[in-house]
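Written below as structure tokens is the structure these notes are about.
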Amino acid sequence: QVQLVESGGGLVQPGGSLRLSCAASGRTFSIYTMGWYRQAPGEERELVAIVRRDGTRNYADSVRGRFTISRDNAKDMVYLQMTSLNPKDTAVYYCYAYSTTVTWGQGIQVTVSS
């Protein structure tokens, strides 16, 4: 059992930055991969970034170079530092964790608008 809680979303102007945080609790020792997905209005949920227990990372092409995922294993937290935000980044962002199953956070809104 893993529980995930996101924070840090909100409204930001184009070109701005936000940092999302995700706190994991429960059986966190079992987590191998943590990361972020997002779902924009009318779109399918897509992978944004993941980071594995060993620190290796993957990014969606659309965010590579703008977003940075990081993980603090000691604190059972994962972060998504988002810079150079544009309106296409507007979505509900979901934290996830993978152990033997996938656990999703509740989702947090990020809106990029002037």
Side-chain angles (χ1 to χ4, degrees):
Q1 288 183 273
V2 175
Q3 296 81 44
L4 304 172
V5 179
E6 303 103 328
S7 62
L11 175 66
V12 65
Q13 293 186 335
S17 300
L18 283 176
R19 188 178 79 155
L20 303 182
S21 300
C22 176
S25 61
R27 300 177 68 84
T28 58
F29 62 86
S30 67
I31 298 173
Y32 176 66
T33 303
M34 297 189 72
W36 297 89
Y37 284 65
R38 68 186 182 187
Q39 187 166 20
E43 302 291 332
E44 299 294 321
R45 187 176 298 187
E46 64 175 352
L47 182 147
V48 177
I50 59 169
V51 57
R52 303 176 183 86
R53 196 71 175 266
D54 63 6
T56 58
R57 304 167 182 175
N58 290 97
Y59 293 95
D61 289 343
S62 59
V63 308
R64 189 177 295 109
R66 299 189 297 119
F67 293 8
T68 301
I69 189 168
S70 60
R71 180 174 178 176
D72 187 335
N73 291 326
K75 295 182 178 179
D76 295 325
M77 296 193 72
V78 66
Y79 307 92
L80 186 68
Q81 180 67 51
M82 304 183 292
T83 63
S84 301
L85 286 162
N86 62 67
K88 292 187 182 297
D89 297 315
T90 295
V92 176
Y93 285 70
Y94 297 89
C95 183
Y96 93 98
Y98 175 74
S99 52
T100 57
T101 60
V102 171
T103 300
W104 295 99
Q106 78 280 6
I108 189 165
Q109 180 70 45
V110 172
T111 301
V112 184
S113 176
S114 59

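Owing to the predicted nature of the structure, the values given are computational and were not obtained by experimental measurement. The figures that follow rest on heavy atoms only: side chains count, while hydrogens, waters and symmetry mates do not.
In terms of the salt bridge (Lys or Arg N to Asp or Glu O under 4.0 Å) criterion, Arg45 has no residue partners (sequence neighbours excluded). With sequence neighbours excluded, the residues forming a salt bridge (Lys or Arg N to Asp or Glu O under 4.0 Å) with Asp61 are Arg64, listed by chain and number.
Looking at Leu85 and Thr83, their side chains never come closer than 4.5 Å, going by heavy atoms from C-beta outward. Two residues are said to be in side-chain contact when any heavy atoms from C-beta on lie closer than 4.5 Å; Tyr93 and Val48 meet this criterion.
Listed by first and then second residue, the side-chain hydrogen bond (donor to acceptor under 3.5 Å, both in side chains) pairs that reach into residues 2-15 are Gln3-Ser25, Glu6-Gln106, sequence neighbours excluded. The ring pair (Phe, Tyr, Trp, His ring centres under 6.0 Å) analysis of residues 20-60, with sequence neighbours excluded, yields the pairs Tyr37-Tyr96, Tyr37-Trp104. For the salt bridge (Lys or Arg N to Asp or Glu O under 4.0 Å) condition, no pair includes a residue of residues 96-109, sequence neighbours left out.
With rounding to the nearest 0.5 Å, the separation of CG in Leu20 from OH in Tyr94 is 13.0 Å. The CZ atom of Arg27 sits 9.0 Å away from the OG atom of Ser99 when rounded to the nearest 0.5 Å. One finds the CD1 atom of Ile50 at 5.5 Å from the OG1 atom of Thr33 (value rounded to the nearest 0.5 Å). Note that CG of Leu47 is 9.5 Å distant from OG of Ser62, once rounded to the nearest 0.5 Å. Atom CZ of Arg38 sits about 4.5 Å away from atom CG of Asp89, to the nearest 0.5 Å.
A donor-acceptor pair is defined here as one N or O able to donate and one able to accept, closer than 3.5 Å; no such pair exists between the side chain of Thr111 and the backbone of Thr90. No donor-acceptor pair under 3.5 Å is formed between the side chain of Arg19 and the backbone N or O of Met82.
Of all non-hydrogen atoms in Ala24 and Ile31, the two that sit nearest each other are CB-CD1, 4.0 Å. Residue Cys22 comes nearest to Met34 through the heavy atom pair SG-CE, 4.4 Å, listed as atom of the first residue, atom of the second, then distance. Nearest heavy atoms, Ala97 versus Val2: CB-CG1, 4.4 Å.
Note on Val12: it clusters hydrophobically with Val63, by side-chain heavy-atom contacts below 4.5 Å among ILVMFWY residues.
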Considering only distance and modelled atom types, tabulate donor-acceptor pairs under 3.5 Å from the side chains of residues 72-81, sequence neighbours left out.
| unit_1 | atom_1 | unit_2 | atom_2 | d |
| --- | --- | --- | --- | --- |
| Asp72 | OD1 | Ala74 | N | 3.1 |
| Asp72 | OD1 | Lys75 | N | 3.2 |
| Asn73 | OD1 | Arg71 | NE | 2.7 |
| Asp76 | OD1 | Thr28 | OG1 | 3.4 |
| Asp76 | OD2 | Thr28 | OG1 | 3.0 |

